[in-house]
> 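My structure is below; once you've seen it, I'll send some questions.
For the numbers below, each heavy atom of this structure counts, side chains included, while hydrogens, waters and symmetry mates do not.
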Amino acid sequence: MRFAVFAGALALATIALTPVTAHATTGPTPGPEVTTPTDPYGLGGLSFETVSYASQRRQDMDVWWTSDGTQRPGVFLIHGGWWSSGDKKGMSQIARGYAELGYTVFNINYRLTSQAAWPAQRTDALAAIATARKHAERWSFDPKNYVVVGFSAGGHIAGAVGTYGNGLSGLKGVVGLSPIVSPLRAYSDGAASTDPYKRKLRTSAIKLAGGCAPKGKCSRIWASMEIAWHASRKDAPMLTIHSQDEFVPATHSQVLKEMLGQVGVPVTIITTPGVAHSSALYREEGVTERVQRWIADRIG
């Protein structure tokens with residue numbers, strides 16, 4: 001099952017990456033299409049632009065970097081929103097924070113489920129990373145040294161990038177804030193729960209799968225959505241953080257820790273008191289600092 005899923009996903013990823021070249025500007029060193037000029041707000045030492053990494057709506061990202069000619073580690077941010085809503089704009093403050101720490105930051109938009117079902121979201125994240133690596137010099141980015149940080153549904157996409165194939169070149173770590181590691185668990189938990197958020201998450205997972213339940217012909221797509229089922233020994237280490245009483249509990253991450261642990265990849269799970277979720281959890285006392293330390297330990 002796993003190898004069949006990988007083969008299909010790889011073919012889709014190849015198709016999705018093709019428009020990046022076609023969408024680039026002409027010249028001896030082609031680059032992605034720029035939709036916002038560099039440093040429009042006068043940010044001093046930081047430069048900023050919005051670029052398209054492929055040709056469809058929402059296939060764009062904000063890039064923050066320091067134009068000093070030094071290759072810097074990269075941080076890719078993936079917003080949440082049930083896979084059906086949200087926008088990179090909600091991550092702007094966090095993005096600038098990492099840029100001010102000295103990282104090159106890529107704040108990604110991706111196709112929502114109203115536009116395309118899974119694996120389009122993972123394909124978009126992979127395409128954004130491929131674009132950043134291809135044009136690394138443009139953004140003072142070290143393509144051999146980066147992490148991916150995802151929030152809620154974005155944590156699911158980040159984890160799927162982390163377990164894609166047998167490790168992604170240059171990826172040194174994945175961080176998930178309230179990551180939906182297992183859409184199958186979300187599906188089953190939502191069926192038995194009166195919690196409106198858990199019920200909405202179940203509905204959102206079904207929509208992510210193209211509107212079908214995990215049975216029959218749809219079993220394959222649901223298998224592709226399960227992060228832990230794709231564990232391999234060259235996957236990136238992961239850090240996941242959950243609130244103790246939120247609707248995406250730490251049990252989502254336990255199976256990931258078990259499966260990646262079997263192939264020698266470390267997973268750190270942190271549980272904090274309360275119900276804060278996603279970016280609200282990131283802003284809880286001490287959480288931001290722990291995430292930043294974990295990232296610094298991996299990419300400097």
> Just so I know, are the side chains of V51 and V63 near enough to count as touching, which here means a heavy-atom distance under 4.5 Å?
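V51 vs V63: side chains touch.
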> Please check: side-chain N/O of S52 versus main-chain N/O of S55, any donor-acceptor pairing under 3.5 Å?
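No, because the side chain of S52 does not come within donor-acceptor range (under 3.5 Å) of the backbone of S55.
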> Mind checking the CD-CZ spacing from Q115 to R57? Nearest 0.5 Å is all I need.
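Going from CD on Q115 over to CZ on R57, the span is 4.0 Å.
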> Less than 4.5 Å apart, any side-chain heavy atom of V147 and any of V174?
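Not in contact.
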> Between the side chains of D62 and T50, does any donor sit under 3.5 Å from an acceptor?
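The criterion, which ignores hydrogens and geometry beyond distance, is satisfied for T50 and D62.
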> Once you round to the nearest 0.5 Å, how far does NZ of K234 lie from CG of L168?
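Between K234 NZ and L168 CG, I get 12.5 Å after rounding to 0.5 Å.
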> Hey, could you give me the CZ/CD1 distance between F151 and I241, rounded to the nearest 0.5 Å?
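Nearest 0.5 Å value for the CZ-CD1 distance: 9.5 Å.
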> Just wondering, more than 12 heavy atoms not from E285 lying within 6.0 Å of its CD?
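No, not enclosed.
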> Do the side chains of R283 and Q93 get nearer than 4.5 Å, heavy atoms only?
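The answer is yes, as the side chains (C-beta and beyond) meet within the 4.5 Å cut-off.
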> Please indicate whether E137 has more than 12 foreign heavy atoms, meaning atoms of other residues, nucleotides or ligands, lying under 6.0 Å from its CD.
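Not buried by this count: 12 neighbours or fewer within 6.0 Å.
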> Keeping the roles fixed (side chain from T104, backbone from G74), state whether a donor-acceptor pair exists under 3.5 Å.
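Judged by distance alone, no pair lies under 3.5 Å.
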> State plainly whether the residues R58 and D87 are in salt-bridge range, i.e. N to O under 4.0 Å.
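The answer is yes: the pair qualifies as a salt bridge.
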> So, taking the atom named CG in L184 and the one named CG in D189, what distance separates them when rounded to the nearest 0.5 Å?
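The distance works out to 10.5 Å.
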> Walk me through it: do S67 and S47 pass the test side chain to side chain donor-acceptor pair (under 3.5 Å)?
CA-CA 7 Å; S67 302; S47 295; 2.9 Å; yes
> Do V75 and L101 come close enough that some side-chain heavy atom pair is under 4.5 Å?
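Heavy-atom side-chain distance check fails, nothing below 4.5 Å.
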> If you define the side chain from C-beta out and look only at heavy atoms, does anything of L201 sit under 4.5 Å from W83?
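Contact flag for L201/W83 side chains = yes.
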> Give a yes or no on whether the backbone of K144 and the side-chain of K172 come within a donor-acceptor separation of less than 3.5 Å.
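Yes, the answer is positive, given that a donor and an acceptor are paired below the 3.5 Å cut-off.
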> Determine whether the aromatic ring centres of F141 and F106 lie less than 6.0 Å apart.
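Yes, close enough.
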> Hey, is the main chain of S140 close enough, under 3.5 Å, to the side chain of R72 for a donor-acceptor pair?
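Not confirmed, R72 side chain does not pair with S140 backbone.
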> I'd like to know if the side chain of S224 pairs up with that of W222 as donor and acceptor (distance under 3.5 Å, no hydrogens or angles considered).
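There is no such pair between these side chains.
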> About how many Å separate NZ of K207 and OG1 of T113, when rounded to the nearest 0.5 Å?
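Between T113 OG1 and K207 NZ, I get 4.5 Å after rounding to 0.5 Å.
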> Please work out whether the ring planes of Y98 and Y282 are parallel, tilted or perpendicular, with thresholds of 30° and 60°.
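Ring orientation of Y98 relative to Y282: tilted.
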> Give the table of side-chain donor-acceptor pairs shorter than 3.5 Å for residues 264-280, with sequence neighbours excluded, one pair per line with atom names and distance.
from : atom 1 : to   : atom 2 : distance (Å)
H277 : ND1    : S178 : OG     : 3.3
H277 : ND1    : E246 : OE1    : 2.6
H277 : NE2    : S152 : OG     : 2.8

> Between W82 and H156, is the ring-ring contact (aromatic ring centres under 6.0 Å, His included) condition met? List the steps.
CA-CA 10 Å; W82 312 93; H156 171 255; over 10 Å; no
> Are more than 12 heavy atoms, taken from residues, nucleotides or ligands other than R290, located less than 6.0 Å from that residue's CZ atom?
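No, the 6.0 Å shell around CZ holds no more than 12 heavy atoms from other groups.
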> Between the main-chain N or O of G216 and the side-chain N or O of S219, is there a donor-acceptor pair closer than 3.5 Å?
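Side chain of S219 to backbone of G216, a donor-acceptor pair under 3.5 Å: yes, one is there.
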> What residues form a side-chain contact (heavy atoms from CB on, under 4.5 Å) with A213, not counting sequence neighbours?
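Result, side-chain contact (heavy atoms from CB on, under 4.5 Å) vs A213: Y187, K215.
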> Whether the side chain of D142 engages the backbone of P73 through a donor-acceptor N/O pair (distance < 3.5 Å, no angle test) should be reported.
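Not confirmed, D142 side chain does not pair with P73 backbone.
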> For residues V181 and E226, determine if any side-chain heavy atom of one lies less than 4.5 Å from a side-chain heavy atom of the other.
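They are not in contact (no side-chain heavy atoms under 4.5 Å apart), so the answer is no.
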> With a 4.0 Å cut-off on N to O distance, would you call R138 and E49 a salt bridge?
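Result for this pair is yes, salt bridge flagged.
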> Do D124 and Y53 have side chains that approach each other closer than 4.5 Å (heavy atoms only, starting at C-beta)?
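With C-beta onward as the side chain, the pair touches.
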> Hey, any chance I180 and F247 share a hydrophobic cluster, counting ILVMFWY side chains that come within less than 4.5 Å of each other, even indirectly?
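Yes, one cluster joins them.
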> With R298 as the cation and W294 as the aromatic partner, state whether NZ or CZ is under 6.0 Å from the six-membered ring centre and within 45° of the axis.
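So R298 does make the cation-pi contact.
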> Given the rule in the side chain to side chain donor-acceptor pair (under 3.5 Å) test, do N166 and S232 qualify, once you have shown the distances and angles that lead to the verdict?
CA-CA 6 Å; N166 190 24; S232 58; 3.1 Å; yes
> Check whether any side-chain N or O of H79 sits under 3.5 Å from a backbone N or O of N109 as a donor-acceptor pair, and report yes or no.
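Flag not set: sc H79 to bb N109 has no pair under 3.5 Å.
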> Is R293 salt-bridged to E289, going by a charged N under 4.0 Å from an acidic O?
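Here R293 does not pair with E289 in a salt bridge, since their nearest N and O are not under 4.0 Å apart.
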> Using side-chain heavy atoms (C-beta onward) and a distance below 4.5 Å, is V148 in contact with V175?
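Contact flag for V148/V175 side chains = no.
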> Keeping Y110 on the side-chain end and I78 on the backbone end, is there a donor-acceptor pair under 3.5 Å?
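Between the backbone of I78 and the side chain of Y110 there is no qualifying donor-acceptor contact (under 3.5 Å).
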> So, the side chain of T203 versus the backbone of R199: is there a donor-acceptor pair under 3.5 Å, distance only?
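Present.
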> Give a yes or no on whether the backbone of G159 and the side-chain of T163 come within a donor-acceptor separation of less than 3.5 Å.
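Pair found, side chain donor or acceptor close to backbone of G159.
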> Just how far is it from atom CG of L171 to atom CG of D235, taken to the nearest 0.5 Å?
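Reported to 0.5 Å precision, the distance equals 9.0 Å.
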> Given the side-chain rings of F76 and W64, with only the six-membered ring counted for Trp, is the space between their centroids under 6.0 Å?
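No - the distance between ring centres of F76 and W64 does not fall below the 6.0 Å cut-off.
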